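Structure first, then comments.
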Amino acid sequence: MVDHEVDTSAGTAVVDADTVDRRGVDGVLARVRAGAGELTGALRRVAEHVLSDPEAAARATIVELAERSGTSPATITRFCRAMGFDGYADLRLGIASETGRARSAGWTVDIGREIQPGDPLQRVLGQIIAADTRAMHDTAALLDLVEVERAAVAIAGAARVNIFGASGSALVGEEMQFSLHRIGVAAWAWSDVHEGLASAALLGTGDVALGISHTGQTRETIEMLAEAGSRGATTVALTGFPRSPLAELADIVLLTASQATTFRPDALSARHPQLVVLDLLYIAVAQRTHDRAHAAFRRTAQAVDGHKAAKGASS
């Protein structure tokens with residue numbers, strides 16, 4: 001299923017470090033990817049150039065990087081500040097260190113290369129694995145575990161959990177709903193905006209609403225999460241853009257990264273990182289409700305056990 005979310009965040013300008021949210025951002029390239037969508041003009045050109053060839057950027061002088069990106073040394077300095085670095089030397093050092101680790105780990109192969117119709121599946125598989133591995137590492141760098149803890153505590157104590165998402169994000173939400181339901185958490189996943197708004201209107205203090213949107217721009221998800229928040233529910237956003245409308249209205253923000261490839265734009269490549277973050281959140285909830293979760297999981301497993309094929313039975 002294709003996710004029809006559209007990234008429209010590029011129109012928001014970033015002029016200094018204070019305008020970029022810094023929730024747990026440690027990976028240099030993850031930091032640049034997270035902030036690039038909020039940059040405009042010359043600053044955005046610098047970000048795009050750095051992301052297109054990080055190793056070359058790490059070797060370039062400030063004058064060389066300015067020339068290659070069609071900007072000026074002063075713009076490079078502004079870009080460094082916008083990304084939270086003291087200066088260009090810090091940016092170069094961070095990129096060089098990160099690309100060196102990635103190269104030694106063997107998960108940079110073919111990232112950024114266009115997949116051609118005639119490419120053998122072995123090459124395509126290598127690029128998918130490399131891209132997903134990069135996205136997982138970037139997500140780990142972006143994710144604020146304090147925020148995950150807050151969300152887990154809220155869900156563990158909630159009487160009701162509503163999960164909102166559209167299109168591909170709805171599929172991710174259904175996975176989370178199924179996981180929570182198996183451990184006894186009263187959770188519902190909504191993709192239809194009318195049904196979701198009606199359910200959100202019945203939430204209250206002590207309930208939790210989770211909105212999922214890679215871009216954070218999906219209007220229906222924003223409306224449903226906003227309705228839940230207006231009723232007193234704790235709101236959680238799972239998104240790739242920390243300054244998006246969805247993130248701005250949420251009490252808790254969980255960030256993910258993505259690594260687009262040919263035939264897998266950001267909205268599609270974000271699925272695996274989203275699932276990883278939600279799996280972490282689910283386990284954190286199970287830890288905090290251990291006895292209840294263990295008993296519920298055992299009962300639900302027993303309930304479906306009779307529908308499994310008997311061992312040794314012929315197919």
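Here the structure is a predicted model, which means the values were calculated and not measured. Note: hydrogens, waters and symmetry copies are ignored here, and every other heavy atom, side chains too, is used.
- Taking the side chain as every heavy atom from C-beta outward, D279 and L275 never approach each other to under 4.5 Å.
- The hydrophobic clustering, which links ILVMFWY residues whose side-chain heavy atoms are closer than 4.5 Å, places L39 and V28 together.
- Counting heavy atoms of neighbouring residues, nucleotides and ligands inside a 6.0 Å radius, atom CZ of R219 does not exceed 12 of them.
- The closest donor-acceptor contact from the side chain of R45 to the backbone of G70 lies under 3.5 Å.
- Here T234 contributes atom OG1 and D207 contributes atom CG; the two are 8.5 Å apart, rounded to the nearest 0.5 Å.
- In this structure, L210 and I155 have side chains that are not in contact, with every pair of non-hydrogen atoms separated by 4.5 Å or more.
- Across V148, T256, V276, a single residue satisfies side chain to side chain contact (heavy atoms under 4.5 Å, CB included) together with L143, and that is V148.
- Residues A200 and E227 approach most closely at CB-CG, 3.8 Å, considering heavy atoms.
- Heavy-atom contacts from other residues, nucleotides or ligands closer than 6.0 Å to CD of E223 number more than 12.
- Taking the side chain as every heavy atom from C-beta outward, R298 and Q302 approach each other to under 4.5 Å.
- For the pair L281/L238, no side-chain contact is recorded, criterion being any heavy-atom separation below 4.5 Å from C-beta on.
- Exactly one residue among H181, R182, M176, E174 makes a side chain to side chain contact (heavy atoms under 4.5 Å, CB included) with F178. That residue is R182.
- W188 and I212 are members of different hydrophobic clusters when ILVMFWY side chains are connected at heavy-atom separations under 4.5 Å.
- Of the charged side-chain nitrogens involved, at least one lies within less than 4.0 Å of a carboxylate oxygen, so that E147 and R150 count as a salt-bridged pair.
- Criterion: ILVMFWY side-chain heavy atoms under 4.5 Å apart, direct or through other members. Under it, Y282 and I252 are part of a common hydrophobic cluster.
- Atom OG1 of T215 sits about 8.5 Å away from atom CG of L246, to the nearest 0.5 Å.
- Taking each heavy atom of A209 and L225 in turn, the nearest pair found is O-CD1, 3.5 Å.
- Note: the hydrophobic cluster containing F164 does not contain V236 (ILVMFWY, side chain heavy atoms under 4.5 Å, direct or indirect links).
- Evaluated for a side chain to side chain contact (heavy atoms under 4.5 Å, CB included) with M224, the options T235, V193, D192 yield exactly one hit, V193.
- Annotation for A170 and G165: closest pair CB-O, 3.5 Å, computed over non-hydrogen atoms.
- With rounding to the nearest 0.5 angstrom, the CZ atom of R78 is 8.0 Å from the OG atom of S72.
- The shortest distance between side-chain heavy atoms of L255 and T239 falls below 4.5 Å.
- Cluster membership for Y88 and V50, using ILVMFWY side-chain heavy atoms within less than 4.5 angstrom, is shared.
- Heavy-atom neighbours of L121 CG from other residues, nucleotides or ligands within 6.0 Å: at or below the threshold of 12.
- From L145, atom CG reaches atom CG of L254 across 10.0 Å, with rounding to the nearest 0.5 Å.
- Put simply, CD1 on I62 and OG1 on T75 are 9.5 Å apart, with the number rounded to the nearest 0.5 Å.
- Here the closest non-hydrogen pair linking Q274 and S169 is NE2-OG, 4.5 Å.
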Exercise. What's the verdict on side chain to side chain contact (heavy atoms under 4.5 Å, CB included) for E55 and R59, showing C-alpha distance, side-chain angles and the deciding distance?
Worked result: CA-CA 7 Å; E55 292 190 5; R59 294 191 300 268; 3.9 Å; yes
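- Between atom NE2 of residue H49 and atom CD1 of residue I76 there is a gap of 8.5 Å, rounded to the nearest 0.5 Å.
- A 4.5 Å side-chain heavy-atom check between R292 and V185 finds at least one atom pair inside the cut-off.
- The only option from D132, T139, T133 that meets the side-chain hydrogen bond (donor to acceptor under 3.5 Å, both in side chains) definition with H272 turns out to be D132.
- V32 has its side chain within reach of F79: a pair of non-hydrogen atoms, C-beta onward, lies under 4.5 Å apart.
- Between A250 and A237, the shortest heavy-atom distance links the atoms CB-CB, 3.6 Å.
- Of all heavy-atom pairs between G211 and T221, the closest is CA-CG2, 3.9 Å.
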